[in-house]
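Taking it in order: structure first as structure tokens, then the write-up.
We name chains A, B, ... by the order of the sequence lines, and we start the count at 1 in each one. All values reported here derive from a predicted model rather than from experimental measurement.
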There are 2 protein chains.
Amino acid sequence: MGHTSDFERLLRGVDLRVTRPRVAVLSAVHDHPHADTDSIIRAVRQDLGEVSHQAVYDVLRALTSAGLLRRIQPSGSVARYEARVGDNHHHVVCRSCGSVADIDCAVGHAPCLTAAEDHDFVIDEAEVTYWGTCPRCAAQAHQ
Amino acid sequence: MGHTSDFERLLRGVDLRVTRPRVAVLSAVHDHPHADTDSIIRAVRQDLGEVSHQAVYDVLRALTSAGLLRRIQPSGSVARYEARVGDNHHHVVCRSCGSVADIDCAVGHAPCLTAAEDHDFVIDEAEVTYWGTCPRCAAQAHQ
DNA sequence: AACGGATCTTGACTCGTTCAAGAAAGCAGT
DNA sequence: ACTGCTTTCTTGAACGAGTCAAGATCCGTT
């Protein structure tokens with residue numbers, strides 16, 4: 001789902017040095033969208049052998065602020081990361097197991113950003129989190 | 001902004017025992033909407049003298065699950081509580097100072113809940129968080 | 001007034017994340 | 001390729017928000 005050289009290109013494109021941990025993190029997040037930090041650490045270690053958790057935290061921060069990753073954090077969850085950036089998509093979160101799926105913005109860009117009374121805030125983004133039950137948990141509840 | 005007896009009535013209305021910490025927490029959240037747990041603890045102590053933080057955590061959980069309070073937690077923030085419950089309103093969060101303000105749901109109930117492709121999740125709530133800059137921080141940035 | 005279960009106190013502890021100092025690695029220029 | 005400078009990684013400690021657990025206290029009913 002993406003070759004090492006693709007990730008190298010992505011990194012150079014945003015003026016970041018190419019390091020093995022960075023490539024491995026990019027690869028892990030591409031392969032496991034919405035993974036939390038711990039899962040990413042495990043994936044990276046499976047790929048490279050021992051890597052410090054601090055390195056992964058640093059990499060995740062660098063890649064996020066460079067715009068290669070997006071960090072999401074639904075209430076009650078730890079931080080999760082995804083590689084789908086630059087579009088205005090949202091997320092559904094399962095109340096029971098915490099799993100996350102992507103939701104395309106239903107009503108388009110403009111309506112999402114329209115707030116009736118904005119208290120003089122300058123609003124630049126509207127983030128929508130849908131809450132519900134995932135198919136797997138719904139099936140278990142019906143037994 | 002609400003007398004002790006009002007809060008007592010609220011508590012009895014949801015079959016919760018009336019205790020001094022509970023009344024004080026209800027009062028604090030009514031007076032300081034979107035306050036975080038630490039602020040609430042300080043407000044409660046100013047009111048009652050020493051109260052354990054654990055008691056406040058317990059009370060916040062009990063009141064939230066009874067529906068008297070609502071808990072919100074924007075990414076990167078600690079938990080915050082508000083007493084405005086039962087309506088579908090949303091929040092603006094200032095990226096710079098973290099302050100929160102209420103936003104009424106602009107497009108009504110139904111559209112908010114409409115997701116184009118829901119991955120077979122059963123969606124029961126759509127939570128919107130607007131991100132931007134509050135008037136105070138905007139003014140400081142313009143100097 | 002007394003009882004029983006809910007609630008509060010106390011104190012330890014967990015977990016995700018960050019801080020800090022030094023070692024190692026990437027990359028530009030020779 | 002080699003140097004040197006800077007960024008990045010390793011190591012290990014620390015932090016803050018929140019939770020767990022056991023016993024004392026309080027609320028509301030009998």
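Ion pairing of B:D47 with B:R20 is absent here, as no side-chain N (NZ or NE/NH1/NH2) approaches a carboxylate O to less than 4.0 Å. Between A:E82 and A:R71, none of the side-chain N atoms (NZ, or NE/NH1/NH2) sits under 4.0 Å from a carboxylate O, so this pair counts as no salt bridge. B:D15 and B:R12 are not joined by a salt bridge, as no carboxylate oxygen comes within less than 4.0 angstrom of a charged side-chain nitrogen.
Between the side chains of A:H30 and A:D6, not a single donor N or O lies within less than 3.5 Å of an accepting N or O. Checking A:E127 against A:H91 by side-chain atom types alone, no donor-acceptor pair falls below 3.5 Å.
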The contact string for nucleotides 22-30 of chain C, one letter per nucleotide 5' to 3', using protein heavy atoms under 4.0 Å with B, S and - for base, sugar-phosphate only and none, comes out as ----BS---

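A donor-acceptor contact shorter than 3.5 Å is absent between the side chain of B:S77 and the backbone of B:Q73. A donor-acceptor distance shorter than 3.5 angstrom exists from the side chain of B:T64 to the backbone of B:L60, with no hydrogens or angles considered. For B:R45 (side chain) and B:V51 (main-chain N/O), a donor-acceptor pair under 3.5 Å exists by modelled atom type.
Nucleotides of DNA chain D nearest to B:T37 and A:D15 differ in position, and the one nearer the 5' end is that of A:D15.
When the local axes at the two ends of the helix from C:dA1-D:dT30 to C:dT30-D:dA1 are compared, using 5 base pairs at each end, they differ in direction by 40° after rounding to 10°.
If you check every strand for non-hydrogen atoms under 4.0 Å, B:A79 touches sugar and phosphate atoms only.
Taking hydrophobic clusters as Ile, Leu, Val, Met, Phe, Trp and Tyr residues chained together by side-chain heavy-atom distances below 4.5 Å, A:V14 shares a cluster with A:V25.
Listed by chain and residue number, nothing satisfies the ring pair (Phe, Tyr, Trp, His ring centres under 6.0 Å) test with A:H119 (two or more places apart in sequence, or in another chain).
A nucleotide of DNA chain D counts as in contact with chain B when one of its atoms lies under 4.0 Å from a heavy atom; the first and last such, 5' to 3', are D:dA17 to D:dG28.
Heavy-atom contacts from other residues, nucleotides or ligands closer than 6.0 Å to CZ of B:R61 number 12 or fewer.
Near DNA chain C, meaning a heavy atom under 4.0 Å from it, residues 52-61 of chain B has B:S52, B:Q54, B:A55, B:V59 in order of number.
By the 4.5 Å side-chain criterion applied to Ile, Leu, Val, Met, Phe, Trp and Tyr, A:V122 is assigned to no cluster and stands alone.
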Would B:D102 and B:H89 count as a side-chain hydrogen bond (donor to acceptor under 3.5 Å, both in side chains) if you check the C-alpha gap in whole Å, the side-chain angles of each, and the deciding distance to 0.1 Å? CA-CA 7 Å; B:D102 287 340; B:H89 79 272; 3.3 Å; yes

